[in-house]
Asker: 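The structure under discussion is supplied below as C-alpha cells; questions concerning it will follow.
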Amino acid sequence: MSGDPYVYEGTDTLRNTAEIRDPEALAEREQLVSFQALRQMLKEPVLGQFDQAHFAAIHKRLFGEIYPWAGETRTVELWKPEIVLNGRSVAYTPPAGIDQQMRTALASLTQEQPGNLKESRPAMRLAGTMATLFQAHPFREGNTRTLLAFMEQYARHHKQPLDQALINRIPSETRDKLVLATRGEIQPLTLMVRNARYSEEQRAHPVLGRLSAEAFEATRLMGAPRIVLPEPGTQVRGQVVATSYHHALVRLERHIAAVPLASFRVMPENNSRVDVRVLRNDETLDRSQPREEVARSQVVGRVLIPASYVLLAGQRPDDAVRNRIEIPGPSPALAEALQTRTAREIVADPGLVAEVRQIDKSLIERFGREGSAMLIQGSPEQARSLLPQGQDLAEIRAVLKPVAQALMVDDRQQTLAQTQALGRDEPQLGHTR
C-alpha cells in the first residue's frame, strides 16, 4: 500500500510496537491486546465527558499497547470493500473533516439524555449518532471496537446498559448494520440497540441473578419457562439447554432446573442428556472416582437434533408441536457400532436395533416420511432447511445414513419372516390326480 505511512514499506502490515510483519500474527496479537483491555475497561472505565478526547482515550486504552499511533486522528483516506454494499466502500470522512464531524456527532450525546433505549425513537437517535461516528472513522484501525466500547460506557453511564454479548455475538453482522446505517438504512441498527437494551434488562433473573447471554437466549426462545433451583440431594434427569455462569439449565417436563455446575465432574455440553444429583452445601464430588467414569454416569445420552422453539410467522399449531420433538442421538454403543459394524450385525443385536427404531420413530414424528428421506439423502440445501440453525448436516448424516441402512435390512428380514410364517400357516395343496 504505497503512500500509507501507517504500514511497513512494501507491505499492507500496520506498523506496530512489537515489529510484527506477518499480518495474521499481528491480527491475533491485536485481538488479544484489545480484548484484554476491553475486559479491564469493564472494571475500570475510561473517564471523560463523552467528547472527542474521551473517544480518543478509549481507542488508546484498547490499542495503545500494539499501535504507537493509538488515539491519534488518521491522516490518510480510507477505502474498505463491504459485502453488504456489493464490494463498494462506505464514504468515510476525509481527514480534514474528521474533527468537525466528530464534534457535531458527540455534541448530540451531551445535549440530551438518551431516553429509554427499548423505545424506537431514542434507539433510532442513538443509532444515528453511531452511524455518524462510524462514518467519521477517525483512526487508521480499530474504529468499530472503539465505537462500541464508547457507546457501552455512554449507555451504562445513563443507566441504559446494552447487552454487549448480543452486540458482539457476530461482529460481521454488527459491522454490516453500521455500514447500512451510513447509507440511510437505520432500522437494523436501531433494532440492534433496542434488543441489546431489552436483553440486558431481562438477563437479571430473580433466581439465578444475571444470566449468561447463551442462557437468556435459550430460555427466551423457549417462551421464558419457569426456572427453579432443585433441592440439594435431588436427582435431575433431562436435557441441558444452556449453561449460565454458575448453573447448567436442564429442561424437564414442565420447567427448567438450574443445577449448580459444581455438581458435574465435567462441564456439561448443550443438548446432552444428564442424570445428575445436586450436591448438598457441605458435600463435594468424590474425586477418587475416575473422571471418565463419573462423566459417563452423569451424561446419559445426546440429542442429535434438538427441539426448535422458534415459531415462524404463520406456522400451524401441528407444525409447532412437531418442531418440539427431539431426535435422540445414538448411545456410545450404537455410535461405535454404526462406525465399525455392518447393518446385518447391528440388526442381530436386539438392543441396538431397538435404538435404531426409536431414532427412526422420532424422525418420522418430527419431519414426516418425506422430510426424513430428504434429510438423509436430499440435496444439502433441502436438508439444511429442515434443521435448526447451526446444526452440522454432515455430522447428522454420518449417523442417519447407517441407521437407515440398518432399518432397510431389518425391514427385509421382518418381511421375509412374515412371508415364511404365512406360508407355514396356509393349507398345502396335495397332488392332483
Asker: Quick check: closest heavy atoms across T243 and S212, and the distance to 0.1 Å?
Answerer: O-OG, 2.9 Å
Asker: Cation-pi check for Y245 against R210: NZ or CZ below 6.0 Å from the six-membered ring centre and within 45 degrees of the axis, yes or no?
Answerer: no
Asker: Considering non-hydrogen atoms only, spot the tightest contact between E231 and V278 and give its length.
Answerer: O-CB, 3.9 Å
Asker: Evaluate the ring pair (Phe, Tyr, Trp, His ring centres under 6.0 Å) criterion for residues H59 and F55: first the C-alpha distance (whole Å), next the side-chain angles of each, then the deciding distance (0.1 Å), finally the verdict.
Answerer: CA-CA 7 Å; H59 185 268; F55 200 94; 8.3 Å; no
Asker: For residues L386 and F367, determine if any side-chain heavy atom of one lies less than 4.5 Å from a side-chain heavy atom of the other.
Answerer: yes
Asker: Is any side-chain heavy atom of I305 less than 4.5 Å from a side-chain heavy atom of E326?
Answerer: no
Asker: Are V250 and I256 close enough that some pair of their side-chain heavy atoms sits under 4.5 Å apart?
Answerer: no
Asker: Step through the shown structure and confirm whether more than 12 heavy atoms of other residues, nucleotides or ligands are within 6.0 Å of CD on Q31.
Answerer: no
Asker: Check whether any side-chain heavy atom of T340 sits under 4.5 Å from a side-chain heavy atom of E345, and report yes or no.
Answerer: no
Asker: Looking at side-chain heavy atoms only, is the closest gap between H247 and L229 below 4.5 Å?
Answerer: yes
Asker: Hey, are the side chains of L387 and I396 touching, using non-hydrogen atoms and a 4.5 Å cut-off?
Answerer: yes
Asker: Using salt bridge (Lys or Arg N to Asp or Glu O under 4.0 Å) as the criterion, list what pairs up with R341, not counting sequence neighbours.
Answerer: none
Asker: Check whether more than 12 heavy atoms from other residues, nucleotides or ligands sit under 6.0 Å from atom NZ of K361, and answer yes or no.
Answerer: no
Asker: Please verify the inter-ring angle class for F150 with H54; under 30° counts as parallel, over 60° as perpendicular, anything in between as tilted.
Answerer: perpendicular
Asker: Atom CD of residue position E336 - does it have more than 12 heavy atoms of other residues, nucleotides or ligands inside 6.0 Å?
Answerer: no
Asker: Looking only at heavy atoms, which two atoms of I346 and A337 are closest? And how far apart?
Answerer: CD1-O, 3.7 Å
Asker: How about E200 and F216: do any of their side-chain heavy atoms sit closer than 4.5 Å?
Answerer: no
Asker: Any side-chain heavy atom of R197 sitting closer than 4.5 Å to one from L166?
Answerer: no
